[in-house]
Q: 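Below is a structure I'd like to ask you about.
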Amino acid sequence: MSEPLIRNVSDTARWAAVFRAQESERADALFRDPYARRLAGERGQQIAEAMTMHSRHAWSWVMRTYVFDDYLTREIANGVDTVVNLAAGLDARPYRMQLPASLRWIEVDLPDLIAYKTEVLAGETPRCTLERVPLDLADLARRRALFAQIGASARRVLVLSEGLLIYLSREDVNALATDLSKAASFRYWMFDIVSPGLREMMMKQAGGGGAELERAGAPFKFAPAEGPDYFRQFGWRPLEVRSTFKSASKVGRLPWSLKLFGLFPESNGKQGKRPWSGLCLFERA
């Protein structure tokens, strides 16, 4: 191609969609996303084929979707009336999940990606009330105004930021965690995090995408040594944290070379140099 493989952070959404498509096409799929292949497009497939490290560990991308689906289903059944999907990317949950028609689902992402997604899914019908907000989350004034508006009109909000935090600086994560804690109706927050060891591995190993993401201005950044407890200082406490690795072991998604390691006990706290990622559901303290 005459342009970079990954042009900007939005291209990572196409990359992620490939793994959802691959899982959906399995006979024993953990979930079905009939829109993923179309949303990923040719560029998404090219990125996935080039990032060989991630292709070998496709189970980690699959588990992120699978576990977050589980969290969402449970909390919506428990009374969540609004889902705010920050950096929503090419997530098709409003179309593919069994959701109550009364649920309000708000997608927030960059204008170009929102426009692409709207075009690709034109003619499809979401199963809940879907709103899309074209917004750069780095625009703090507009972001805070949006949170205040949603917070005032909703009763019980769950915020989803799948695949977002790793691209933010520590200062940006701090600001986001603080902003989200200010609205009384923002009750829950779902996100994924990685250990410093896993971040270093992805940035340095061949096929990990580190060089491509650096050139695109979207390197992996956030990997708190404190683990999930990092977020307590901002008024968020863990309801559930699942190791991506252990989750994959439980549902039989680990390759043979890793299955033995899946039997070992594992902590969800500080990990340091260990390659670890966690799928987190927090509530506002």
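What you are looking at is a predicted structure, and each value in this text was computed from that prediction instead of being measured.
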Q: Check the hydrophobic clustering (I, L, V, M, F, W, Y; side-chain heavy atoms under 4.5 Å; chains of links allowed) and say if V108 and W105 are grouped together.
A: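 Different clusters: V108 never reaches W105 through Ile, Leu, Val, Met, Phe, Trp or Tyr contacts under 4.5 Å.
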Q: Kindly compute the distance separating CD (E107) from CG (N85), expressed to the nearest 0.5 Å.
A: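 Going from CD on E107 over to CG on N85, the span is 6.0 Å.
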Q: I'd like to know if the side chain of D179 and the backbone of R144 have a donor-acceptor N/O pair within less than 3.5 Å.
A: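 Judged by distance alone, no pair lies under 3.5 Å.
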Q: Just by distance, do the side chain of K117 and the backbone of A92 share a donor-acceptor pair under 3.5 Å?
A: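 Looks like no, no N/O pair under 3.5 Å.
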Q: So, taking the atom named CG in L72 and the one named CZ in R93, what distance separates them when rounded to the nearest 0.5 Å?
A: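 The distance works out to 5.5 Å.
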Q: Could you go through the salt bridge (charged side-chain N to carboxylate O under 4.0 Å, His left out) check for R170 and E226 one step at a time?
A: CA-CA 12 Å; R170 181 174 289 246; E226 302 89 339; 3.4 Å; yes
Q: Say you draw a straight line from CZ of R199 to CD1 of I193; how long is it, rounded to the nearest 0.5 Å?
A: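 If I round to the nearest 0.5 Å, the distance is 14.5 Å.
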Q: Is it the case that one hydrophobic cluster holds both L180 and L168, taking links as side-chain heavy atoms less than 4.5 Å apart, direct or via other members?
A: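 Yes, one cluster joins them.
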Q: Can you name the residues that form a side-chain hydrogen bond (donor to acceptor under 3.5 Å, both in side chains) with Y35, not counting sequence neighbours?
A: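 Checked Y35 against side-chain hydrogen bond (donor to acceptor under 3.5 Å, both in side chains); zero matches.
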Q: Decide yes or no for S247 and R242: does some side-chain heavy atom of the first lie under 4.5 Å from some side-chain heavy atom of the second?
A: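 Counting from C-beta outward, S247 and R242 do come under 4.5 Å.
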Q: If you apply the rule salt bridge (charged side-chain N to carboxylate O under 4.0 Å, His left out), what do you find for E283 with R187, and how did you get there?
A: CA-CA 6 Å; E283 68 175 347; R187 297 285 298 277; 5.4 Å; no
Q: So does L5 get a backbone contact from the side chain of R43, meaning a donor-acceptor N/O pair under 3.5 Å?
A: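 It does hold such a pair.
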Q: Following the transitive rule for hydrophobic clusters with a side-chain heavy-atom cut-off under 4.5 Å over Ile, Leu, Val, Met, Phe, Trp and Tyr, establish whether M190 and V241 coincide in one cluster.
A: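 Shared cluster, no.
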Q: Keeping D11 on the side-chain end and R7 on the backbone end, is there a donor-acceptor pair under 3.5 Å?
A: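 The answer is yes, because a donor-acceptor pair under 3.5 Å joins these two groups.
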Q: Just so I know, are the side chains of M63 and L30 near enough to count as touching, which here means a heavy-atom distance under 4.5 Å?
A: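 Yes, at least one pair of side-chain atoms sits under 4.5 Å.
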Q: Please check if the number of heavy atoms outside E200 that lie under 6.0 Å from its CD is greater than 12.
A: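 No, CD of E200 has 12 or fewer neighbouring heavy atoms, counting only those of other groups under 6.0 Å.
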Q: Check E23 against D28 and note the closest heavy-atom contact, atom names and distance.
A: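 E23 and D28 have their closest heavy atoms at OE2-O, 4.2 Å.
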Q: Side chains of D69 and T65: does their closest heavy-atom pair fall under 4.5 Å?
A: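 SC-SC contact between D69 and T65 confirmed.
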Q: Just so I know, are the side chains of Q22 and W61 near enough to count as touching, which here means a heavy-atom distance under 4.5 Å?
A: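 A side-chain contact is absent here, since even the closest heavy-atom pair is not under 4.5 Å.
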Q: Report yes if the side chains of R56 and T52 come closer than 4.5 Å at any heavy-atom pair, otherwise no.
A: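 Heavy-atom side-chain distance check passes, below 4.5 Å.
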Q: To check you understand the geometry: which heavy-atom pair defines the closest contact between D91 and R20, and what is its length?
A: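 Heavy atoms only, the tightest pair is N-NH2, 3.9 Å.
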Q: Run the ring-centre check on F191 versus F222 and record whether the distance is less than 6.0 Å.
A: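 Centroid distance F191-F222: not below 6.0 Å, so no.
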Q: Determine whether I106 and V133 make a side-chain contact, defined as any pair of heavy atoms from C-beta on separated by less than 4.5 Å.
A: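 The answer is yes, as the side chains (C-beta and beyond) meet within the 4.5 Å cut-off.
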Q: Does any part of the side chain of L110, heavy atoms only, come nearer than 4.5 Å to the side chain of N8, both counted from C-beta?
A: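 Answer no - side chains too far apart.
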Q: Within the side chain of S243, is there an N or O that forms a donor-acceptor pair under 3.5 Å with the backbone of K246?
A: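 The answer is yes, because a donor-acceptor pair under 3.5 Å joins these two groups.
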Q: Taking Y188 for its side chain and V80 for its backbone only, find out whether a donor-acceptor pair lies under 3.5 Å.
A: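 Looks like no, no N/O pair under 3.5 Å.
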Q: Once you round to the nearest 0.5 Å, how far does OG of S153 lie from CZ of R104?
A: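 It is 4.0 Å, given to the nearest 0.5 Å.
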Q: Evaluate the side chain to side chain contact (heavy atoms under 4.5 Å, CB included) criterion for residues L86 and V159: first the C-alpha distance (whole Å), next the side-chain angles of each, then the deciding distance (0.1 Å), finally the verdict.
A: CA-CA 7 Å; L86 301 179; V159 177; 3.7 Å; yes
Q: Please give me the minimum heavy-atom distance between A223 and P196, naming the atom from each residue.
A: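 Heavy-atom minimum between the residues: O-CG, 3.4 Å.
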Q: Are L198 and L165 linked, directly or through other ILVMFWY residues, by side chains that come within less than 4.5 angstrom of each other?
A: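 Different clusters: L198 never reaches L165 through Ile, Leu, Val, Met, Phe, Trp or Tyr contacts under 4.5 Å.
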Q: Nearest 0.5 Å, please: how far is CG in N78 from CZ in R156?
A: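 Here the rounded value is 7.0 Å.
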Q: Determine whether I76 and Y71 fall in the same hydrophobic cluster, where Ile, Leu, Val, Met, Phe, Trp and Tyr are linked whenever their side-chain heavy atoms lie under 4.5 Å apart.
A: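 The answer is yes; both residues are in one hydrophobic cluster.
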Q: Look only at the side chain of S169 and the backbone of K221, and say whether a donor-acceptor pair between them is shorter than 3.5 Å.
A: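 No; judged by distance alone, with no hydrogens or angles, the pair does not exist.
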Q: For L39, is there any backbone N or O sitting under 3.5 Å from a side-chain donor or acceptor partner on Y116?
A: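 Yes: the side chain of Y116 pairs with the backbone of L39.
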Q: Could you label the plane-to-plane angle of the W189 and F231 rings as parallel, tilted or perpendicular, counting under 30° as parallel and over 60° as perpendicular?
A: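 Perpendicular.
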Q: Could you give me the CA-CA distance, side-chain angles and deciding distance for L281 and R74, then say whether side chain to side chain contact (heavy atoms under 4.5 Å, CB included) is met?
A: CA-CA 11 Å; L281 172 63; R74 185 178 71 199; 3.1 Å; yes
Q: Are the side chain of S195 and the backbone N or O of R274 linked by a donor-acceptor pair below 3.5 Å?
A: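 Side chain of S195 to backbone of R274, a donor-acceptor pair under 3.5 Å: yes, one is there.
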Q: Taking R284 for the side chain and F186 for the main chain, is one N or O donor matched with an acceptor at less than 3.5 Å?
A: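 Checked: pair present.
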Q: Parallel, tilted or perpendicular, judged at 30° and 60°: which one describes the rings of F220 and Y167?
A: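 Ring orientation, 0 to 90° scale: tilted.
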Q: On a heavy-atom basis, which atom in S185 and which in G151 lie closest, and how many Å separate them?
A: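 Taking every non-hydrogen atom into account, OG-O, 2.9 Å.
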Q: Exactly one of F19, F245, Y66 should register a ring pair (Phe, Tyr, Trp, His ring centres under 6.0 Å) with W59. Which one does?
A: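 Going through the options one by one, the only one that passes is F245.
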Q: Flag yes if more than 12 heavy atoms outside D112 fall under 6.0 Å of its CG atom; otherwise flag no.
A: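 12 or below, so no.
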Q: Would you sort out whether S277 and D192 count as a side chain to side chain contact (heavy atoms under 4.5 Å, CB included), showing the intermediate values?
A: CA-CA 7 Å; S277 62; D192 50 295; over 6 Å; no
Q: Which atoms form the tightest heavy-atom contact between P134 and I114, and what is the distance?
A: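 Where P134 meets I114 most closely, the heavy atoms are CA-CG1, 4.2 Å.
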Q: Rounded at 0.5 Å granularity, tell me how far CG in L103 sits from OG1 in T129.
A: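 Rounded to the nearest 0.5 Å, the CG-OG1 separation comes out at 7.5 Å.
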Q: Please work out which of the three classes, parallel, tilted or perpendicular, describes the rings of Y230 and F234, given edges at 30° and 60°.
A: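 Tilted, since the angle between the ring planes falls between 30° and 60°.
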Q: Restricting to non-hydrogen atoms, name the atom on G278 and the atom on T244 that form the minimum distance, rounded to 0.1 Å.
A: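 For G278 and T244, the tightest heavy-atom pair comes out as N-OG1, 4.0 Å.
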Q: In sequence, state the C-alpha distance, the side-chain angles, and the governing distance for E240 and D70, and then conclude on side chain to side chain contact (heavy atoms under 4.5 Å, CB included).
A: CA-CA 12 Å; E240 189 168 352; D70 187 44; 5.6 Å; no
Q: How about W236 and F282: are their ring centroids closer than 6.0 Å?
A: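 Here the rings of F282 and W236 have centres that are no less than 6.0 Å from each other.
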Q: Any heavy-atom pair between the side chains of M97 and R127 that's under 4.5 Å?
A: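 In short, these two side chains do not touch, never coming nearer than 4.5 Å.
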Q: Are a donor atom and an acceptor atom from the side chains of S24 and R96 found within less than 3.5 Å of each other?
A: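 The answer is no; no qualifying pair exists.
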